[in-house]
Protein chains: 4
Amino acid sequence: MSITQNSKDWLCLQRIVRFGDTDAAGVIHFHHLFRWCHEAWEESLDQYGLQAIEIFPSSVDMQSQFSTALPIVHCEADFLSPIRIGDKLQLTLLPRKIDLNSFQIEYIFKLKQKKVAIALVRHRAIDPKTRHLCGLSTCIDRWLEASTLNRGISPL
Amino acid sequence: MSITQNSKDWLCLQRIVRFGDTDAAGVIHFHHLFRWCHEAWEESLDQYGLQAIEIFPSSVDMQSQFSTALPIVHCEADFLSPIRIGDKLQLTLLPRKIDLNSFQIEYIFKLKQKKVAIALVRHRAIDPKTRHLCGLSTCIDRWLEASTLNRGISPL
Amino acid sequence: MSITQNSKDWLCLQRIVRFGDTDAAGVIHFHHLFRWCHEAWEESLDQYGLQAIEIFPSSVDMQSQFSTALPIVHCEADFLSPIRIGDKLQLTLLPRKIDLNSFQIEYIFKLKQKKVAIALVRHRAIDPKTRHLCGLSTCIDRWLEASTLNRGISPL
Amino acid sequence: MSITQNSKDWLCLQRIVRFGDTDAAGVIHFHHLFRWCHEAWEESLDQYGLQAIEIFPSSVDMQSQFSTALPIVHCEADFLSPIRIGDKLQLTLLPRKIDLNSFQIEYIFKLKQKKVAIALVRHRAIDPKTRHLCGLSTCIDRWLEASTLNRGISPL
């Protein structure tokens, strides 16, 4: 993986597994992984310098200027090793623009350099009122470009 | 609506505990109880004959005719016995109007006639645009009246 | 068990979308779909006649006889249409045995005969103590057989 | 552990509200507040220097040395102002020992110095096998003492 630690810190995050993430089998209950992905994406946008209010609809915005929603159209995950409470997971985001209207993010979860889970989430840009496809907003486009710059062909 | 006011079936529901409700201690993770309460309230309104779309804001309504939101201003719960996966809980709702703008629901969870948890949730009516207090809607008022009719001193 | 094999009612469930399933965009927040899948699977096992306690680990069992866990190794979902509060979804489960140690369930969510989402969840049987692969338990095998009997080429 | 007892940084945390915490009314869906409380408590223990594995049961520990569980017996919350996506909340924990077997934590959520919510969570120590009351573990006792030292009359 060619990402250097200096440049793109906003794509390398940490997640500590909490008690409420587990189930009675003593490992994480699977769907929380997708919650972690979405929260990590939001944290990544934060750290890159984008405000949640610019990206996500809220009741305030909805009545006025908000012009793009980014619903998820596909997601998937593979669980490779058990994930337990207290585990300090390293999380790498690999965003990629698919076309003018959509992008995806691959999420790689590692525990002490060992992959424990991977996930993929695909978003599409729509007008929240009509729900018709629309172009990605400038700020998402900028974040995608900055995120993929110099990555080359991803070895992952 | 064919439900008679005497039976009040819409206030007596069942909830089966699912695997994802538990944590690594093998019993329910506490905050799911509040999710159950809210879902039970919605189910109660359904069974009484009210449509979710009349009661809860959605992105569609928000832009038009929707006039009352019912945010929760207080909630509390007591956990009396461990609740485990597969437990078939009987759930009784005891709604009560507090004043023109607010009401509360007490939730009693029993397992085989034994109380295992109780919860209380208080709602206030506001205008979703201004967030100022407003009166309860007619349909909520009607549900509250029907729910408390002839209850007298609560036997619970 | 009184359910006949032809009806397979235990594979056709209903799910009503609740307020807490939505996010500020006014539609379901994506990962709740996987919670619905797991809960539907548990409901399906219930209706078929299996006890949760036979299938899922709990702190009680873990110390004694419990011998198989069924962790999820892969899951994915496609979101085809917006899903909103109050929507009464028809949910069809299509289980399939993969090999001696694993099976998958496809979940098809319809609103008024229109597919709104599909999901796929793959489980593997392991010994919860060693986490080594093991054979599917007799009761899961029986449920899989009953579920796929006479299905032929899936019409969905 | 290098944290001095005066600073007590481990009791002053931050929480950023994420999209999945909201519902279709555009503000947080109430029960997530309790998830935040529990996660903040775990983070506080982390920062104080305690390992999750020492405090919380897991399937691994349960079969062996794990000797105390800390189930929640009571919780409550007041919601004072709407909480929205992107809000950067300051969170203060006020732990207090109640008796030999139990303690509580008050959680105060502020947005730009204004209280937006408060919560209270009460835990009791039990033996996870028998579920009988037992004394608080040494490490929890130590954390409680350090947390309340020199607090005097709470200024909050």
Side-chain angles (χ1 to χ4, degrees), chain B residues 21-42 52-53 55-63 66 68-84 102 107 116-132, chain D residues 21-42 52-53 55-63 66 68-84 102 107 116-132:
Chain B
D21 297 327
T22 63
D23 60 29
V27 294
I28 64 154
H29 193 65
F30 78 118
H31 60 65
H32 294 300
L33 193 89
F34 290 109
R35 182 164 53 76
W36 300 352
C37 289
H38 205 287
E39 290 179 4
W41 176 43
E42 295 176 67
I53 210 80
I55 311 294
F56 297 100
S58 78
S59 58
V60 178
D61 299 312
M62 210 163 261
Q63 285 149 18
F66 191 77
T68 318
L70 296 168
I72 287 160
V73 290
H74 176 79
C75 64
E76 55 182 90
D78 290 287
F79 301 86
L80 311 173
S81 287
I83 298 174
R84 292 198 173 84
S102 57
Y107 298 84
V116 292
I118 53 173
L120 179 78
V121 181
R122 228 169 257 146
H123 297 257
R124 187 174 290 167
I126 62 165
D127 178 308
K129 288 192 190 88
T130 62
R131 298 197 76 87
H132 291 159
Chain D
D21 298 327
T22 62
D23 61 28
V27 294
I28 64 153
H29 193 66
F30 78 117
H31 60 66
H32 293 300
L33 193 89
F34 290 108
R35 181 163 56 78
W36 299 352
C37 289
H38 205 286
E39 291 179 3
W41 176 43
E42 296 176 67
I53 210 82
I55 311 294
F56 297 100
S58 78
S59 57
V60 179
D61 300 312
M62 210 164 265
Q63 285 148 19
F66 191 78
T68 318
L70 296 167
I72 287 160
V73 290
H74 176 79
C75 64
E76 55 182 269
D78 289 286
F79 301 86
L80 310 172
S81 286
I83 298 173
R84 293 200 172 81
S102 56
Y107 299 85
V116 292
I118 54 173
L120 179 78
V121 180
R122 229 168 256 148
H123 298 256
R124 185 174 291 167
I126 62 166
D127 179 307
K129 286 192 192 90
T130 64
R131 297 198 76 86
H132 291 160

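Throughout, protein chains are lettered first and strands after them, A, B, ... in sequence-line order, and every chain is numbered starting at 1.
Using cut-offs of 30° and 60° on the angle between ring planes, the pair F79(D) and F30(D) is perpendicular. H31(B) and H31(D) have parallel rings, their planes meeting at less than 30° on a 0 to 90° scale where 60° marks the start of perpendicular.
D21(B) approaches H32(B) most closely through the heavy-atom pair O-CD2, 3.3 Å. Heavy-atom minimum distance, I28(D) versus D23(D): O-OD2, 4.2 Å.
For H29(B), the part sitting under 4.5 Å from any heavy atom of chain D is the side chain, from C-beta outward, and nothing else.
With chain B as the partner, the residue from H74(D), R122(D), R124(D) showing the most heavy-atom pairs under 4.5 Å is H74(D). Put simply, of P71(D), A119(D), P82(D), A117(D), the one with the most heavy-atom pairs under 4.5 Å next to chain B is P82(D).
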